[in-house]
Amino acid sequence: MSREITCCFTGHRPEKLPWGTQENDPRCAALKRWLDRVVLEAYQDGCRHFLCGMARGSDLYFCEAVLSLRRLYPEVRLEAAVPCRTQADNWPAEERERYRSLLGQCDLTTLIQENYTAGCMMRRNRYMVERSSRMIAVYDGLPGGTRSTLAYALRQGLTLIQASPAYFS
């Protein structure tokens, strides 16, 4: 897939979101509306291929936003970049089921490596950045994997669309 029409995502897991796993919280609903809007804007700017790392929290919200967009525009393609086969094995049962359901709706699944290692998440993130021209991010400014991924994306020259979870409060 051409880098020029590819958009990837990075964002926080529930532990770093002010509402945690409470998706009925108005702030979470506001984040999901923002994702719907910026995913549509990416499409309007020419993006047709979307890359998602399939982590808990923001990644799965992004995945759902792209799937909603695909219902309107069938040419949209969604690729799951899975860091390792056991990514969701230790998640709560409900989140594992959601993950599997979303994974089954993706047009393409790329397994970065078979088994978990300390660096597999970063390898997944680099895979996404290196294939994209645009990144959508939910980032609070604190150190962690999201910060590292954003820094790498900026060094690679990606266009960045970013919001802090605090923005939705």
Side-chain angles (χ1 to χ4, degrees), residues 7-39 42 49-71 76-129 131-132 135-150 152-153 161-169:
C7 174
C8 64
F9 177 82
T10 190
H12 294 307
R13 290 171 180 79
E15 295 76 19
K16 283 194 164 184
L17 297 170
W19 52 85
T21 59
Q22 302 304 309
E23 290 186 49
N24 59 349
D25 187 292
R27 297 168 295 179
C28 184
L31 168 60
K32 289 178 178 185
R33 284 190 304 275
W34 179 80
L35 285 169
D36 286 339
R37 182 174 55 80
V38 296
V39 164
H49 188 79
F50 293 83
L51 269 165
C52 182
M54 302 302 291
R56 294 173 57 236
S58 300
D59 278 37
L60 296 186
Y61 307 159
F62 171 78
C63 184
E64 290 166 343
V66 173
L67 288 170
S68 291
L69 182 72
R70 190 177 69 187
R71 285 191 280 281
V76 166
R77 293 292 167 254
L78 177 58
E79 178 181 353
V82 177
C84 62
R85 197 167 301 285
T86 59
Q87 179 178 20
D89 285 2
N90 294 321
W91 295 5
E94 186 175 302
E95 288 182 319
R96 275 195 319 271
E97 181 59 34
R98 182 182 193 178
Y99 169 85
R100 289 185 185 117
S101 172
L102 291 172
L103 202 57
Q105 296 174 66
C106 291
D107 299 291
L108 173 66
T109 299
T110 300
L111 181 65
I112 303 302
Q113 62 185 58
E114 187 66 31
N115 298 307
Y116 174 84
T117 62
C120 70
M121 303 298 175
M122 188 52 68
R123 277 190 278 291
R124 181 254 340 255
N125 296 342
R126 291 176 79 86
Y127 170 87
M128 294 191 305
V129 167
R131 285 154 181 79
S132 301
M135 173 178 277
I136 297 170
V138 174
Y139 173 59
D140 63 7
L142 297 175
T146 301
R147 175 190 264 180
S148 300
T149 304
L150 277 171
Y152 185 61
I161 296 87
Q162 174 185 335
S164 169
Y167 172 79
F168 304 102
S169 295

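All values below come from the heavy atoms of this structure, side chains included, with hydrogens, waters and symmetry mates left out. Note that the numbering runs from 1 along the sequence shown for the chain.
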Could you tell me which residues satisfy side-chain contact (heavy atoms from CB on, under 4.5 Å) with Ala80, sequence neighbours excluded, listed by chain and number? Met54, Val82, Leu103, Cys106, Thr109
Does any non-hydrogen side-chain atom of Ile112 lie less than 4.5 Å from one of Cys120? no
Which atoms form the tightest heavy-atom contact between Trp91 and Ala55, and what is the distance? CH2-C, 3.9 Å
Once you round to the nearest 0.5 Å, how far does CG of Leu78 lie from CG of Leu69? 10.0 Å
Heavy-atom distance under 4.5 Å between the side chains of Glu95 and Leu60, does that happen here? no
Measure the spacing between CD of Glu64 and CG of Asp36 and express it to the nearest 0.5 Å. 9.5 Å
Test of understanding: with side-chain contact (heavy atoms from CB on, under 4.5 Å), list the residues that count as partners of Arg33, not counting sequence neighbours. Ala29, Ala30
Could you walk me through whether Cys28 and Leu17 pass the side-chain contact (heavy atoms from CB on, under 4.5 Å) test, one step at a time? CA-CA 9 Å; Cys28 184; Leu17 297 170; over 6 Å; no
Atom CD in Gln113, atom CZ in Arg124: separation rounded to 0.5 Å? 11.0 Å
Just jot down the ring-ring contact (aromatic ring centres under 6.0 Å, His included) partners of Phe9, sequence neighbours excluded, or say none. Phe62
For Lys16, enumerate each residue passing the salt bridge (charged side-chain N to carboxylate O under 4.0 Å, His left out) test, keeping only those at least two apart in sequence or located in another chain. none
Measure the OG-CG distance between Ser169 and Asp25 for me, rounded to the nearest 0.5 Å. 8.0 Å
Apply the test side-chain contact (heavy atoms from CB on, under 4.5 Å) to residues Arg77 and Leu108: give CA-CA distance (whole Å), side-chain angles for both, the deciding distance (0.1 Å), then the verdict. CA-CA 8 Å; Arg77 293 292 167 254; Leu108 173 66; over 6 Å; no
Within a radius of less than 6.0 Å around CD of Glu114, do more than 12 heavy atoms belonging to other residues, nucleotides or ligands occur? yes
For Glu15, what residues pass the side-chain contact (heavy atoms from CB on, under 4.5 Å) criterion, not counting sequence neighbours? Arg13, Arg56
Counting only N and O atoms by type, is there a donor-acceptor contact under 3.5 Å from the side chain of Tyr116 to the main-chain atoms of Gly119? no
Closest non-hydrogen atom pair between Ser58 and Leu31, with its separation: OG-CD2, 4.4 Å
Can you tell me how far apart CZ (Arg147) and OG1 (Thr10) are? Round to the nearest 0.5 Å. 12.5 Å
Minimum heavy-atom distance between Ala42 and Phe50, given as atom pair plus value: CB-CE2, 4.0 Å
Can you name the nearest heavy-atom pair linking Thr146 to Val138, along with the distance? CG2-O, 3.9 Å
Closest heavy-atom pair and its distance - Val76, Arg70: O-CD, 3.3 Å
Before you tell me yes or no, could you show the steps for Asp59 and Cys63 under side-chain contact (heavy atoms from CB on, under 4.5 Å), namely the whole-Å CA-CA distance, both residues' side-chain angles and the distance that decides it to 0.1 Å? CA-CA 6 Å; Asp59 278 37; Cys63 184; over 6 Å; no
Arg71 and Ser68: side chain donor to acceptor below 3.5 Å: yes
List the steps and the verdict of side-chain contact (heavy atoms from CB on, under 4.5 Å) for Leu51 and Ser132. CA-CA 8 Å; Leu51 269 165; Ser132 301; 3.7 Å; yes
Rounded distance (nearest 0.5 Å) linking atom CG of Asp140 with atom NE2 of His12: 3.5 Å
What heavy-atom pair brings Ala81 and Met128 nearest, and what distance separates the two atoms? CB-CG, 3.8 Å
Are more than 12 heavy atoms from other residues, nucleotides or ligands located less than 6.0 Å from atom CG of Asn90? no
Set of ring-ring contact (aromatic ring centres under 6.0 Å, His included) partners for Tyr127, sequence neighbours left out: none
